[in-house]
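The block underneath contains the structure these notes are about, expressed in structure tokens.
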Amino acid sequence: MGVLAKVDLDILPREPAYRPIERQAWYSRSLPLAIGIGAGIGLLSTYLSPLVIWLGLAAVFGFGIRRRQRMVSLLRENEDGVALLVAGDLDDAQLVFDRLCRRGRFMPGLHSLFVLNRAVAHLERGEHDRAAGLFTAVLHAGWVAPAGVLSAHYPALLGRLATAEALRGRLEVAQAWRARAHASTSFAKRGSLLLVDVIVEARAEAWDRVIALVEEGWARAQNLLAPRAQRAVRLLHALALEQAQGSEYRMESRDDERRRALDAVREGRREDIAWLLPHWPALTEFLGRNGLGSFV
């Protein structure tokens, strides 16, 4: 995509439940096993009875049905976890995804999806280092990729990784992943990356850029971002408006706009913005100056 962004293998999680198996490794293990089983059934049918082939096919068919049923059950549980995540019930969502990460290890594609969602829960709890490790593990495994069954999750994975890296203070890495996220996102869904853009630019203290991004993308983003994410955008917009004082933005109308943005933050819960604060003392100080110390 024209942007150099390397996976940092040093931050991969050590626990098998949170480290999806790589796609190539899975196929290198599964294909010889499948060929061996097929050859074994063929030999048995030759020396014993042709009926062995039909029994083998019946067993494979039954295994496929059972596996599909289990996949459907796990996906339903995953949907419940996502609903809890969107609602901000992070403790309950964490329990759901931890359980799915343990139970889904032998379904590598789904396992990547479950680890991805678990990483989102880490991110929204302010556990940025752990979140970056899990996002990296999912990306490295290769199941969530530009093409394939899980390709719809690929831009979000890149955007979340960019967010985690920006909040960790690794701005060059974050900018590289953000560029890849934009390259992978259709124009219709570009507004879903507004929070990613705003976080990266705010961490770089590019205040004019933050203000411009919100002005240009807010209308589209409102239809694509959850209310919690919208409040985070409003908070960083207010921070940018304050920091940009002394430039062309120092106007009474801008002060009113900053107050409205902060009022929108006050309408939410502490959890809506607390995940941004670790490693960001300037944002914590901003909250204190504006009567939002209870959100720290």
Side-chain angles (χ1 to χ4, degrees), residues 85-88 90 120 123-128 131 156 159-160 162-171 174-175 177-178 181-182 189-296:
L85 198 60
V86 172
L90 299 182
V120 173
L123 181 63
E124 299 201 2
R125 292 181 70 95
E127 299 164 355
H128 306 146
R160 295 283 191 175
T163 298
E165 294 289 17
L167 292 173
R168 295 174 72 207
R170 291 160 46 92
L171 293 181
Q175 289 166 352
W177 289 123
R178 179 182 65 157
H182 274 280
K189 297 180 179 179
R190 193 62 55 84
S192 64
L193 296 176
L194 178 61
L195 179 56
V196 181
D197 292 334
V198 167
I199 288 175
V200 173
E201 297 296 347
R203 288 293 277 166
E205 299 184 355
W207 306 119
D208 291 354
R209 180 61 179 156
V210 172
I211 294 169
L213 284 168
V214 175
E215 289 179 346
E216 295 168 4
W218 180 246
R220 182 180 294 274
Q222 280 183 292
N223 298 320
L224 296 170
L225 294 179
R228 300 178 73 239
Q230 292 183 31
R231 292 189 186 98
V233 172
R234 299 297 297 274
L235 172 64
L236 297 178
H237 186 212
L239 173 63
L241 289 169
E242 180 186 270
Q243 295 296 320
Q245 286 182 357
S247 68
E248 61 178 308
Y249 298 107
R250 190 170 188 176
M251 305 176 185
E252 183 178 353
S253 61
R254 289 289 176 169
D255 291 336
D256 291 340
E257 188 175 355
R258 180 173 59 84
R259 285 193 291 269
R260 287 194 298 271
L262 291 173
D263 287 341
V265 174
R266 290 188 179 93
E267 294 174 358
R269 302 187 303 175
R270 177 184 179 277
E271 292 78 7
D272 294 346
I273 61 173
W275 63 280
L276 296 169
L277 301 179
H279 313 116
W280 203 343
L283 184 56
T284 301
E285 294 170 3
F286 172 76
L287 291 172
R289 287 196 304 271
N290 288 276
L292 289 167
S294 61
F295 282 70
V296 176

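- At least one side-chain heavy atom of W207 sits under 4.5 Å from a side-chain heavy atom of L239.
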Apply side-chain contact (heavy atoms from CB on, under 4.5 Å) to residues W218 and V233 and explain how you reach the verdict. CA-CA 9 Å; W218 180 246; V233 172; 3.7 Å; yes
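- With values rounded to the nearest 0.5 angstrom, E267 atom CD is found 11.5 Å from L262 atom CG.
- When V198, L123, V120, L193 are each tested for a side-chain contact (heavy atoms from CB on, under 4.5 Å) with T163, only one passes: L123.
- Between the side chain of H128 and the main chain of L276, no donor-acceptor pair closer than 3.5 Å is present.
- With values rounded to the nearest 0.5 angstrom, L277 atom CG is found 5.0 Å from L283 atom CG.
- Nearest heavy-atom pair, A261 versus A238, reported as atom, atom and distance to 0.1 Å: CB-CB, 4.0 Å.
- Heavy atoms only, all atoms of each residue included: A232 and L195 are closest at CB-CD1, 3.8 Å.
- Note: L236 CG to Q243 CD = 11.5 Å, rounded to the nearest 0.5 Å.
- Contact detail for L235 and F286: the closest heavy-atom pair is CD1-CE2, 3.8 Å.
- Here the CG-CD1 distance, from L213 to I199, works out to 12.0 Å after rounding to the nearest 0.5 Å.
- Under the 3.5 Å distance criterion, the side-chain polar atoms of Q175 are left unmatched by any main-chain donor or acceptor of V200.
- Pairing each heavy atom of G191 with each of R220, the nearest pair is N-CD, 3.8 Å.
- With a 4.5 Å cut-off on side-chain heavy atoms, L287 and I273 count as touching.
- Counting only heavy atoms from C-beta outward, the side chains of R203 and H279 approach each other to under 4.5 Å.
- Looking at E165 and R168, a side-chain N of the basic residue comes within less than 4.0 Å of a carboxylate O on the acidic one, giving a salt bridge.
- Contacts classified as salt bridge (Lys or Arg N to Asp or Glu O under 4.0 Å) and involving residues 280-296 (residues at least two apart or in different chains) are given here: E242-R289.
- The two residues A240 and V210 have their closest heavy-atom pair at CB-CG1, 3.6 Å.
- Evaluated for a side-chain contact (heavy atoms from CB on, under 4.5 Å) with E257, the options L241, I211, V214 yield exactly one hit, L241.
- Looking at E124, its side chain never comes within 3.5 Å of a backbone N or O of W275 through a donor-acceptor pair.
- Of the possible donor and acceptor atoms, none in the side chain of R231 sits under 3.5 Å from a partner among the backbone N and O of D272.
- Nearest heavy-atom pair, S192 versus L224, reported as atom, atom and distance to 0.1 Å: N-CD1, 3.6 Å.
- Between R266 and D263 there is a salt bridge, since a side-chain N of the basic residue sits under 4.0 Å from a carboxylate O of the acidic one.
- For the pair R160 and W177, the NZ or CZ position fails the cation-pi test of under 6.0 Å to the six-membered ring centre and within 45 degrees of the ring normal.
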Should R178 and E201 be marked as a salt bridge (Lys or Arg N to Asp or Glu O under 4.0 Å) after you check the CA-CA gap, both sets of side-chain angles, and the distance that decides it? CA-CA 11 Å; R178 179 182 65 157; E201 297 296 347; 2.9 Å; yes
